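Here is the structure we will look at.
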Amino acid sequence: MSATTEAKSSYLDQLNPVQRQAAMATEGPVLVIAGPGSGKTRVLTYRIAHLIEKGAAPWEIMALTFTNKSAREMKERIEKVIGPRANRVWAGTFHSLFAKILRVEAEHIGYPSNFTIYDTDDTKSVIGAIINEMNLNKEQYNVNNIRSRISSCKSNLITPKLYVNRPDLMEEDKLAKRPFFHQIYEKYVGRCKRSGAMDFDDLLFRLFELFQNHPEVTDKYRKKFKYLLVDEFQDTNHLQYSIVKKFINYEGSPRNVCVVGDDAQSIYAFRGATIQNILDFENDFKQHSIRIFKLEQNYRSTEHIVQAANQVISYNRRQIQKTIFSDKGEGQRIKIIKAMTDSEEGKRVADLIVEQKNRWHVSNHEIAILYRTNSQSRVFEEYLRHFNIPYRVFGGMSFYQRKEVKDMIAYLRLAINQQDDEALRRVINYPKRAIGGTTLDKISSAAEMMGRPMWDALPHVDLPGRTRNSIDNFVAMIKDFTQKAQTSDAHTVAEYIARNSGLMDELKKDTTVEGIARLDNVTGLLDGIKTFVEDDTVDELQQTLEDQDPNAATRPSVFDKSLSAYLQNIALMTDLDNADENGDYVTLMSVHSAKGLEFKSVFVAGLEEQLFPSFMSMDTPEGLDEERRLFYVAITRAEQFLTLSYAASRYRFGQERYNPPSRFLDEIGMEHLDAASPIGTSAKPPMGRFDRNTPQESSNGRSGVSGNFKPRGAAQQNVLRADPKTFKPSNPDQIQAGMKVLHLKFGEGKVLSIDGARDKRMATIFFPDLEVDKQKRIMLKFAKLEILG
DNA sequence: GAAGTGATGTTTTTT
DNA sequence: ACATCACTTC
């Protein structure tokens, strides 16, 4: 394509014609249907860059994503095009951006601005307690079912009040033998509210409610955000789309909204996501000259892979018509590995990885093993270890989910928000303070009676002398922590709490390997808090809020290092967020977690009926379609090498099971399969060939070593670029634009500019040594900078 | 209130 | 296999 008309904006030349149209159609509603590897992030980032070039202020643009990682990636890529201004674009996850707004507007909805965010475990624990108190049967009222039912109500805008107007739903719950669902739901909502807590769904739902009931507030944000972008639109639920419409769909609105998605990659229907939103979007904006673009060229994979993917997805019943194509050449055919056992599958995959490394010089980080369930990782770990191939397992239990970490965080939460019942329950008797179940029941029923959080009930409960004493000591201790949190930074308080709560002493008592690991995790958390406190870069989003808000002084500042700020920061973090980008390891993860990623070589394992497709989903057409989309996502992660594997027998639930090869294998045409592959004759189970000719080298599965291969999260530190011993921070007042400076963590940098006055002086500094985000904005008051000249 | 026993149910989960 | 949990026993 020639660059005649848009010569001045050269970045647009890097787009193909459809991509470019989509990026430049800045006014009015736009729907982009983007196949896998079709450059959708590229379109989004160039679209934002283009908006800013055309004069939009960065903070007038909101880009909503599903993961922190993709938000970060987007920001980095915008920064490459337009520089550090990019950091003031409101790009983030639905949950994190909405939480930021809710903290500012909390008073309108009767929440404290330092509200706690309840994670799934907290939620389940609240529901469990309610079921207990109501003396309901725990089998009929399964906590997980109730939790997802509540979540789905919220995602469909059904409050407890509205629920009683829905005879269909009440009938469903009656049939499911849980007629008291409504009462549980109502209690749950009430209890979160009085605990000053929001669960993940509340972060969305409460914003919707705020907009619904406070037009003046809605108006403010409608004016603020002139352009809205939504990534992975196929994964939005009804509630998320409703909020998008609140922002954008009103009388007189320019409706500058761009949603990007792919119905074929929708894999979260089980959580309420619905591709109906894509179809609705088309309808809802029909009257407003909506433009629709289809990105159909795949720049990621070779032709065999793309065509196989097309064949597979064509078996799904309903889909938006599109033809994905690649011009990367035929490439390698798809290999299929047939193993007798799951253990042999592990070995054969590891063998092939070794071969690919030798023959094609594929690096570890270019390889991924994907599977349907996390428990499948073990056999691969075993053989990768055997071949000394470094690997990393994603998923499973995250750092923040570990008991000891949660305990520590519960203390921190309680110091900030004493209304937080879940935190209180967690630590009131840990370490042991002789406050048992009986006492806890008394406290919680007193709280229920008062309609107040448990903390408020503590002084009023009638208790035997010894218990009373324990409670009083506990209360005094927490008050002391709260006091401390008001005056010290997050790390100082956290250390203080770790020591004085008795938690550290308790952990130190356990000298087993696991016990030491637990203590390590808590110190790791403390290190993480230290890093947070020492980080002297500015929170750009907070700053735009401050810039625009006359009452900013009463709000958290851009440079807030309080415990409260830290907790807000980590509440929405996951394990994937601390992945280190530069390591050379093979990636092992579930297909779900692999969405959005790409690898030169991909192995999709466990392609057997009952496993992939999963036995939980395969009996309904909708379930099966979703499994197929999941398989589609899996194979479209591969750039050049795709290997599919299955085993005739596999240990599942402690028993050896035999399952036929997955039907999905049959859906790939022979012409795309490696001739040496065993499929094709017929994908029927190889009945009668169950003889045991499997190599038996490591059949016992349980290897003695249990090295910690799981991500360690918080503990990772930046490489120190300056020697802390010789480092002497200079007087920040003397720092001027143009100077060369040394930063303790970022190394040498050049001061590009200074803005702000006195306390708020800020420097924009360029650090050439950094991998990403080379330009940082640093608050001089706190800076750790040495002037070099 | 701890510690041991037997029954039970197992997917995926960006936030 | 493995974790979770209700229930028993000390």
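Remember, predicted model here, so these are calculated numbers, not experimental data. Chain naming here is simple, since letters A, B, ... match the order of the sequence lines and numbering starts at 1 in each.
- When the side-chain nitrogen and oxygen atoms of A:N374 are compared with OP1 and OP2 of B:dT12, one or more of them lie within a distance under 4.0 Å.
- Here the C1' atom of nucleotide C:dA1 and the CD atom of A:E656 are 14 Å apart, to the nearest Å.
- Tested against A:R518, the residues A:E506, A:E404, A:R402, A:K403 include a single side-chain contact (heavy atoms from CB on, under 4.5 Å) partner, A:E404.
- Rounded to an integer number of Å, the gap from A:Y371 OH to B:dT12 P is 10 Å.
- Applying the 4.0 Å criterion to OP1 and OP2 of B:dA2, one finds that A:K432 has a side-chain N or O inside that range.
- Under the 3.5 Å distance criterion, the side-chain polar atoms of A:R433 are matched with a main-chain donor or acceptor of A:V427.
- Looking at heavy-atom distances under 4.0 Å, A:Y268 makes contact with a base.
- Place A:A434 and A:V591 on DNA chain B by their nearest nucleotides, and A:A434 ends up nearer the 5' end.
- Counting non-hydrogen atoms under 4.0 angstrom, A:D235 reaches a base of the nucleic acid.
- Exactly one of A:N237, A:D263, A:T236 qualifies for a side-chain hydrogen bond (donor to acceptor under 3.5 Å, both in side chains) with A:N277. That residue is A:T236.
- Distance, A:K124 NZ to C:dC5 P: 9 Å, rounded to whole Å.
- Summarising the local packing, CZ of A:F225 is surrounded by more than 12 heavy atoms from other residues, nucleotides or ligands at distances under 6.0 Å.
- The CG atom of A:D121 sits 14 Å away from the C1' atom of C:dA3 (whole-angstrom rounding).
- What separates CE of A:M618 from P of B:dT11 is a distance of 16 Å, to the nearest Å.
- Both A:L630 and A:T439 lie near DNA chain B, and the one whose nearest nucleotide falls closer to the 5' end is A:T439.
- Spacing between atom CG of A:N142 and atom P of B:dT8 amounts to 15 Å, rounded to whole angstrom units.
- By the 5.5 angstrom centroid cut-off and the 30-degree plane limit, A:F270 is classified as not stacked against the base of B:dT13.
- When the shell of 6.0 Å around CZ of A:R317 is examined, it contains more than 12 heavy atoms from other residues, nucleotides or ligands.
- Nucleic acid contact class of A:S590 (heavy atoms, under 4.0 Å, all strands): sugar-phosphate only.
- Following rounding to the nearest Å, A:L204 (CG) and B:dT13 (P) show an atom-to-atom distance of 19 Å.
- Applying the 4.0 Å criterion to OP1 and OP2 of B:dT13, one finds that A:S593 has a side-chain N or O inside that range.
- In this structure, A:R147 atom CZ and B:dT11 atom P are separated by 13 Å, rounded to whole Å.
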